[in-house]
There are 2 protein chains.
Amino acid sequence: MVEPKVTAKVTPESCARDIMETIPVVMRFIRGEMRRQRTRSLSVPQFRALVFLSRHPGASLSSVADYLGVTRPTTSVLVERLVRRGLVTRTAHPEERRRIVLALTPTGAHELQHARDVARNRIAAVLADLSPVELRNISRGMALLERVFKNASPQDGS
Amino acid sequence: MVEPKVTAKVTPESCARDIMETIPVVMRFIRGEMRRQRTRSLSVPQFRALVFLSRHPGASLSSVADYLGVTRPTTSVLVERLVRRGLVTRTAHPEERRRIVLALTPTGAHELQHARDVARNRIAAVLADLSPVELRNISRGMALLERVFKNASPQDGS
DNA sequence: TATTGTTATACTCTATAACTATA
DNA sequence: TATAGTTATAGAGTATAACAATA
């Protein structure tokens with residue numbers, strides 16, 4: 001009574017298992033690439049903060065925290081390091097005096113571009129042997145994951 | 001001369017961009033779920049080490065390090081914490097006296113099962129609205145990523 | 001009172017360097 | 001000499017708690 005398994009049944013649970021198994025492996029690779037840039041290496045959160053600021057110049061600390069999915073104290077420390085390294089400017093908001101205005105410095109924009117290019121190329125190299133269909137499959141999977149996890153991250157459940 | 005874009009061209013580079021954007025978001029969610037288990041929370045590396053030991057009882061520290069993709073000093077510290085918490089046993093290898101033999105304690109096996117169940121169910125809940133086709137797409141994408149990143153992680157390039 | 005941001009504290013991850021012990 | 005593992009050190013991520021300043 002064993003059914004010939006042409007394609008295994010995929011459930012949310014089995015999919016979750018696959019995600020738990022694979023995501024950390026890929027994450028580690030990305031981290032390694034970010035860190036490889038010897039003199040000017042970035043952590044993944046630092047990189048993501050720079051990406052966010054490149055898209056949202058003048059953003060507040062809270063908005064960066066929301067994007068990163070971490071608390072404000074964590075973000076405050078992270079931003080402080082980026083400011084000290086000369087990658088980000090932190091100035092007072094003219095009207096709302098509680099707020100700060102964050103933006104990339106020219107150096108920050110440059111370093112971001114560099115890190116992004118290197119990481120993208122290194123990841124692309126790993127993907128080089130995949131077929132167009134397989135690449136599309138991965139991209140589609142990423143889009144789906146982004147859609148469902150983007151706004152689920154805080155704590156929507158228990 | 002603008003081609004009607006039915007389906008965007010997916011290149012290794014564009015796929016790499018998607019990966020860089022999405023993986024950290026999902027990773028953060030997984031970390032949050034692991035940490036949620038208040039009293040007995042696990043970090044993702046701790047969780048992964050326990051998973052590995054459940055599959056490879058008696059493994060050496062080096063093999064755990066290889067699986068995690070981190071250095072041996074890092075692994076030594078991580079294992080030390082698991083031993084102190086009573087989740088892992090660390091005994092001398094009978095023949096190769098340089099080696100240690102790592103294994104889960106009954107408590108470790110139990111906590112692993114608990115953490116795994118909770119995290120899987122929480123992730124599955126996020127995936128609940130996806131169709132079977134979409135779930136299969138994600139699982140297929142994970143399998144592809146696992147295949148290419150599993151052995152690329154160290155430093156195969158520059 | 002609620003929000004923005006910081007500081008203090010504590011813990012984990014992580015690597016490199018230097019070490020011990022064993023093979 | 002090479003390998004297995006540890007320890008020391010340093011820096012980053014991270015949260016919670018407590019705080020300051022502003023709205």
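Side-chain atoms are counted along with the backbone in the values below, which use heavy atoms only and exclude waters and symmetry mates. Protein chains get the first letters and strands the later ones, always in sequence-line order, with residue 1 at the start of each.
As judged by a 4.0 angstrom heavy-atom cut-off over every strand, B:Ser60 is placed among residues touching the sugar-phosphate backbone only.
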Protein proximity profile, nucleotides 7-13 of chain D - base contact B, sugar-phosphate-only contact S, no contact -, cut-off 4.0 Å on heavy atoms: B----BS
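Contact annotation: side chain of A:Arg98 to base of C:dT4, donor-acceptor pair absent below 3.5 Å.
Dashed line: the shortest gap from a side-chain N or O of A:Thr71 to OP1 or OP2 of D:dT14 is not under 4.0 Å. At the phosphate of C:dT6, OP1 or OP2 sits under 4.0 Å from a side-chain N or O atom of A:Arg90.
Going from atom CE of B:Met34 over to atom P of D:dA15 covers 16 Å, rounded to whole Å. As a whole-Å value, the separation of B:Leu87 CG from C:dT12 P is 12 Å. Regarding B:Glu33, its CD atom lies at a distance of 13 Å from the P atom of D:dA15, rounded to whole Å. In this structure, A:Ile100 places its CD1 atom 14 Å from C1' of D:dA20, rounding to the nearest Å. Distance, B:Ile30 CD1 to C:dC13 P: 16 Å, rounded to whole Å. For the pair A:Arg84 CZ and C:dT6 P, the interatomic distance rounds to 12 Å; values are reported in whole Å. Atom CZ of B:Arg99 is separated from atom P of D:dT6 by 13 Å (rounded to the nearest Å). Whole-Å rounding puts the B:Arg36 CZ to D:dA15 C1' distance at 14 Å.
For the pair A:Arg136 and A:Val133, the minimum side-chain heavy-atom distance is 4.5 Å or more. A 4.5 Å side-chain heavy-atom check between B:Asp18 and A:Ile138 finds every atom pair outside the cut-off. You'll find the side chain of B:His114 stays beyond 4.5 Å of the side chain of B:Glu111, heavy atoms only. At least one side-chain heavy atom of B:Thr11 sits less than 4.5 Å from a side-chain heavy atom of B:Lys9.
Within a 6.0 Å radius of NE2 in B:His110, other residues, nucleotides and ligands contribute 12 heavy atoms or fewer.
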If you apply the rule salt bridge (charged side-chain N to carboxylate O under 4.0 Å, His left out), what do you find for A:Glu21 with B:Arg48, and how did you get there? CA-CA 8 Å; A:Glu21 184 80 22; B:Arg48 299 223 307 138; 5.5 Å; no
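Hydrophobic clustering keeps A:Val118 apart from A:Val51 (ILVMFWY residues linked when any side-chain heavy atoms are closer than 4.5 Å, directly or through intermediates).
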